Amino acid sequence: MMSFKFPAVLCLAGLLLVHGAAGAQNLAETPLPSLLTPESRNVLDKLASLSALPKPDWRYHAGDIPHGESPSLDDADWLPATSPLPGEAIWLRATIEVPKTLNGYDLTGTQISLPPAD
């Protein structure tokens, strides 16, 4: 009689393990937003929107020019920076306008860092 109970217990334990693993796998495969409340999703969306400003349009001038770093330098005839750029020395320039507020938050005194180039 013991021989019949032992496989039944193992079979039941095996079913519990498979069911438990399948439940954990379903939870792991569930995308994070579906696990969050609508209020939590709104907070995450708002935080994500605070971390990005539009990418600037970069322009370049091939070769060296005196005082290329000067904000007053006229760059109207500079070319759009696209790949590939010339294989010589170039000046790159972009104008980045930081708004006074972003999504209702005052940016006065905010530290802004530029991400590395793509």
Side-chain angles (χ1 to χ4, degrees):
M1 288 247 191
M2 290 292 254
S3 62
F4 292 110
K5 289 183 181 178
F6 186 71
V9 170
L10 282 179
C11 188
L12 179 60
L15 284 173
L16 289 174
L17 285 174
V18 169
H19 177 69
Q25 185 178 10
N26 288 342
L27 184 60
E29 291 174 359
T30 304
L32 182 60
S34 68
L35 298 175
L36 299 174
T37 65
E39 294 83 14
S40 296
R41 272 186 263 147
N42 287 338
V43 169
L44 285 178
D45 290 343
K46 189 164 188 175
L47 287 173
S49 73
L50 293 175
S51 66
L53 291 172
K55 288 188 175 184
D57 294 322
W58 287 91
R59 302 172 60 78
Y60 79 94
H61 179 275
D64 198 12
I65 51 175
H67 304 289
E69 76 284 356
S70 174
S72 63
L73 181 72
D74 181 14
D75 62 359
D77 61 339
W78 290 26
L79 300 172
T82 58
S83 296
L85 291 171
E88 58 188 281
I90 61 171
W91 280 92
L92 288 165
R93 176 178 279 196
T95 301
I96 301 169
E97 184 175 332
V98 179
K100 176 134 178 81
T101 62
L102 184 61
N103 292 342
Y105 292 96
D106 184 6
L107 296 180
T108 304
T110 302
Q111 180 179 359
I112 298 174
S113 59
L114 299 175
D118 293 336

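Computed from a prediction, not measured in an experiment: that's the story for all the values here.
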What distance do L44 atom CG and N42 atom CG have between them, rounded to the nearest 0.5 Å?
-> 9.0 Å
Step through the shown structure and confirm whether more than 12 heavy atoms of other residues, nucleotides or ligands are within 6.0 Å of CG on D57.
-> no
Heavy atoms of T108 and D106 approach each other most closely as OG1-OD1, 2.8 Å
Provide the full list of side-chain hydrogen bond (donor to acceptor under 3.5 Å, both in side chains) pairs with a residue in residues 58-69, sequence neighbours left out, each pair given once.
-> D64-W91
Atom of G63, atom of E88 and distance for their closest heavy-atom approach = N-OE1, 3.7 Å
Using the rule that two of Ile, Leu, Val, Met, Phe, Trp, Tyr join whenever any of their side-chain heavy atoms come within less than 4.5 Å, decide whether L92 and I96 are in one cluster.
-> no
Under 3.5 Å, is there a donor-acceptor pair between the side chain of R93 and the main chain of W78?
-> no
Does S40 offer a backbone N or O that forms a donor-acceptor pair with the side chain of T37 under 3.5 Å?
-> yes
Hey, is the main chain of L35 close enough, under 3.5 Å, to the side chain of R41 for a donor-acceptor pair?
-> no
Can you check whether P99 reaches L107 side chain to side chain, under 4.5 Å on heavy atoms?
-> yes
Are V43 and L36 side-chain neighbours, meaning at least one heavy-atom pair lies under 4.5 Å?
-> no
With hydrophobic residues grouped by side-chain heavy-atom distances under 4.5 Å, do I90 and L79 end up in a single group?
-> yes
